[in-house]
Asks: 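This structure is in structure tokens; I'll ask about it shortly.
Source: prediction; values computed, not measured. Any value given below was found using the heavy atoms of this structure, including those in side chains, with hydrogens, waters and symmetry copies removed.
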Amino acid sequence: MPPTLASLVHHSALKLTVRAGEDRLDVPVRWAHASELADPVPYMEGGELLLITALKLDAEDPEAMARYVKRLVGAGVAGLGFAVGVNYEEIPAALVDAAEKEGLPLLEVPRRTPFLAISKAVSAAIAADQYRAVTAGFAAQRELTKQALTDGPEGLLAELASQVDGWAALYDASGAVVATAPEWAGRRAARLTADVERLWERPAPASSVVGGPDHEDRVELHSLGTGRRPRAALAVGTAAALGTAERYALHSAIALLTLTTERSRALHTAEQRIGVAVLRMLLAGEPDHARAVAGDLYGELLDAPFRMIVAESASSTSAARVRADGRAHGPLTKPTAAALAAADTGGDPLGALVEVVESAAARSGEAVLVVPEGDGEGKRLVVLAADGGAAVAACGEYAAAVEAARAGIRDQAAAGDEDELVVGLSAPAGPIAAAAAYKQAEQALSVARRRGRVCVEHEQMAAGSVLPLLADDAVKAFADGLLRALHEHDATGRGDLVASLRAWLSRHGQWDAAAADLGVHRHTLRYRMRRVEEILGRSLDDPDVRMELWLALKATSAE
């Protein structure tokens with residue numbers, strides 16, 4: 001505790017007597033300062049014990065003393081010490097009355113007590129308080145380090161909450177709460193997700209204060225991590241502002257959590273190398289070797305059905321705009337909203353997807369294998385995640401959120417900026433079928449790209465139609481070339497071969513039904529079909545020819 005007026009009054013060597021303001025002696029004293037100026041206020045910072053002999057004051061003038069004391073109170077002076085037996089044998093009544101009226105503590109200083117003794121007492125008390133704070137800070141640092149080494153971040157949070165006499169919470173990169181101490185603080189911490197997301201928008205390291213006198217507690221938020229993007233955030237809630245010792249404890253916790261975060265990132269890089277090896281073995285048809293390499297790290301992924309996810313980013317120039325506008329186009333489901341706000345990856349949608357998937361897997365305690373491929377334009381990401389798990393669900397939610405955000409800006413975005421993220425999901429598979437699952441994911445990704453979708457699952461391809469695939473430019477070019485001669489014939493006005501061919505194929509080669517649809521005699525239709533065969537040089541009896549012609553007609557009619 002810093003020195004107070006009460007501690008100075010109780011100092012046996014000073015012999016101070018209280019003459020006014022007895023109910024305000026608990027005011028902390030920042031310093032003791034002697035000044036005989038008629039107006040010392042310009043040189044005050046607040047919190048001082050002002051020591052005077054009234055050498056230049058008319059201390060017996062009530063109006064002058066009222067003005068003098070009022071200015072001292074306005075400047076935040078903690079108290080006034082008046083030396084008797086120098087210029088005045090006792091404190092003038094005018095000064096005592098003014099101090100009582102303004103509530104300013106007034107201390108009588110006996111002649112045998114020099115001002116220097118009071119200054120030394122204040123200085124010694126401040127130094128002792130600072131020493132206690134530093135000592136307590138070192139002790140807190142030792143305890144926090146011990147808890148971090150034995151019980152991890154959870155133990156560290158518990159110790160920090162005890163040190164600051166409040167609560168503490170840890171957030172991951174998506175803004176989701178991953179640990180709190182005590183447990184009852186979980187609901188309070190969850191209400192701060194939006195504030196954590198705003199913290200991500202500031203350059204790291206960043207901090208902010210939430211709440212205050214009108215709230216149930218005062219909360220400090222601090223970003224964690226040494227990189228450009230924060231890896232986590234720490235929240236500390238207390239009833240009042242932190243003191244010196246509590247501040248030491250908080251800074252120690254931030255350093256330890258940052259060290260833990262960076263160490264985790266290094267371990268993550270090493271784990272990712274193992275993941276690359278496991279994926280290569282699976283795709284090479286060596287599931288037994290893959291299982292041996294996976295060990296406990298990824299072994300559980302290979303013991304149950306998994307999904308293969310292939311994501312691609314051909315152009316990431318508008319990813320930042322998608323992220324920014326994603327908040328303005330309807331509510332997003334959690335944790336996707338937090339992920340979109342927190343995953344500021346410098347316009348890298350694949351980086352944002354990694355944050356979402358890994359955060360969801362970490363919260364649910366499931367393994368997930370993430371392997372990036374390539375760099376620059378055309379980057380890809382391969383993910384192996386448990387079927388029905390949190391990572392697959394988070395991937396779908398994130399894709400839906402990006403789809404919604406993209407729909408909101410499609411009128412403003414350039415055509416090349418609309419396809420920065422495309423995701424394909426395989427059907428559930430096991431280690432033996434990993435290569436097939438990878439192919440399925442690539443096929444789904446290709447369909448998503450063609451259809452202008454963010455995400456397509458392989459099952460959706462089987463349940464849908466092949467006709468949307470005919471929108472491909474290469475298919476249209478083939479159709480135009482196949483039917484060009486028929487269109488040129490019809491343009492001369494010598495018949496309607498294209499319409500007749502379409503009607504005949506739609507009726508499965510039934511002459512009477514197709515002729516009736518066209519309103520012509522069946523012999524006329526037979527003649528037209530012979531002309532089609534002559535012009536194309538192909539037989540309509542060949543089912544492959546009929547299939548190609550029908551698809552060509554569908555492709556050209558879709559334009």
Side-chain angles (χ1 to χ4, degrees), residues 307-308 310 403 415 419 422-429 433 435-559:
R307 294 284 191 113
M308 192 82 73
V310 177
E403 187 95 58
D419 62 347
V422 184
V423 182
L425 277 78
S426 74
Y438 183 81
K439 185 175 182 180
Q440 289 177 353
E442 284 195 314
Q443 291 171 342
L445 181 140
S446 178
V447 172
R449 177 77 72 193
R450 293 169 186 268
R451 295 181 182 178
R453 296 277 304 279
V454 173
C455 179
V456 168
E457 297 187 34
H458 191 264
E459 292 96 325
Q460 295 173 341
M461 295 166 54
S465 171
V466 74
L467 296 180
L469 301 179
L470 301 181
D472 184 85
D473 290 339
V475 175
K476 288 183 177 181
F478 170 78
D480 290 338
L482 183 60
L483 301 175
R484 181 179 299 110
L486 299 182
H487 283 295
E488 291 175 352
H489 174 276
D490 290 347
T492 64
R494 291 181 291 161
D496 196 356
L497 299 185
V498 175
S500 299
L501 178 61
R502 181 179 288 108
W504 184 75
L505 290 173
S506 67
R507 288 294 187 174
H508 309 290
Q510 297 179 11
W511 299 102
D512 291 339
D517 291 342
L518 293 169
V520 299
H521 195 276
R522 66 177 181 274
H523 295 312
T524 302
L525 181 58
R526 287 180 182 274
Y527 170 76
R528 291 179 179 178
M529 292 303 96
R530 285 197 298 270
R531 288 292 297 143
V532 168
E533 290 179 321
E534 292 172 359
I535 293 173
L536 296 179
R538 301 178 126 193
S539 172
L540 294 179
D541 292 333
D542 188 336
D544 290 339
V545 172
R546 290 199 299 271
M547 177 193 68
E548 290 179 359
L549 288 172
W550 178 250
L551 292 178
L553 289 169
K554 298 298 290 185
T556 54
S557 64
E559 293 181 329

Asks: Would you sort out whether Leu483 and Leu536 count as a side chain to side chain contact (heavy atoms under 4.5 Å, CB included), showing the intermediate values?
Replies: CA-CA 8 Å; Leu483 301 175; Leu536 296 179; 5.7 Å; no
Asks: For Glu548 versus Leu482, what's the shortest heavy-atom pair and its separation?
Replies: O-CD2, 4.0 Å
Asks: Looking at Ser500 and Asp496, would you say the former's side chain and the latter's main chain have a donor-acceptor pair under 3.5 Å?
Replies: yes
Asks: Which heavy atom of Val310 sits nearest to which heavy atom of Leu445, and what is that distance?
Replies: O-CD1, 3.1 Å
Asks: To the nearest 0.5 angstrom, please state how far the CE atom of Met529 sits from the CZ atom of Arg522.
Replies: 15.5 Å
Asks: In this structure, which one of Val520, Val498, Leu501 forms a side chain to side chain contact (heavy atoms under 4.5 Å, CB included) with Arg528?
Replies: Val520
Asks: Taking Arg307 for the side chain and Ala427 for the main chain, is one N or O donor matched with an acceptor at less than 3.5 Å?
Replies: no
Asks: For a quick test of reading the model, state the closest non-hydrogen atom pair linking Leu497 to His489 and the distance between them.
Replies: CD1-ND1, 3.3 Å
Asks: What distance do Arg546 atom CZ and Asp544 atom CG have between them, rounded to the nearest 0.5 Å?
Replies: 9.0 Å
Asks: With the threshold set at 4.0 Å, does a side-chain nitrogen-carboxylate oxygen contact exist between Glu533 and Arg530?
Replies: no
Asks: Report the distance from atom CD of Glu442 to atom CE of Met308, rounding to the nearest 0.5 Å.
Replies: 10.0 Å
Asks: Would you list the atom pairs, donor with acceptor, under 3.5 Å between side chains in residues 504-517 and any protein atom, with sequence neighbours excluded?
Replies:
unit_1	atom_1	unit_2	atom_2	d
Trp504	NE1	Gly509	O	3.4
Ser506	OG	Arg502	O	3.2
Ser506	OG	Ala503	O	2.8
Arg507	NE	Asp517	OD2	2.6
Arg507	NH2	Asp517	OD1	3.2
Arg507	NH2	Asp517	OD2	3.3

Asks: If I compare all heavy atoms of Gly424 with all of Ala444, which pair ends up nearest, and what's the gap?
Replies: CA-CB, 3.8 Å
Asks: Taking all non-hydrogen atoms of both residues, which atom of Val422 and which atom of Arg449 are closest, and how far apart?
Replies: CG2-NH1, 3.1 Å
Asks: If you round to the nearest 0.5 Å, how far is CD of Gln443 from OG of Ser426?
Replies: 10.5 Å
Asks: Do His487 and Arg484 come close enough that some side-chain heavy atom pair is under 4.5 Å?
Replies: no
Asks: Calculate, to the nearest 0.5 Å, the distance between atoms CD1 and CG belonging to Ile535 and Asp490 respectively.
Replies: 8.0 Å
Asks: Do you know which two heavy atoms are closest between Ala448 and Val423, and how far apart they sit?
Replies: CB-O, 4.0 Å
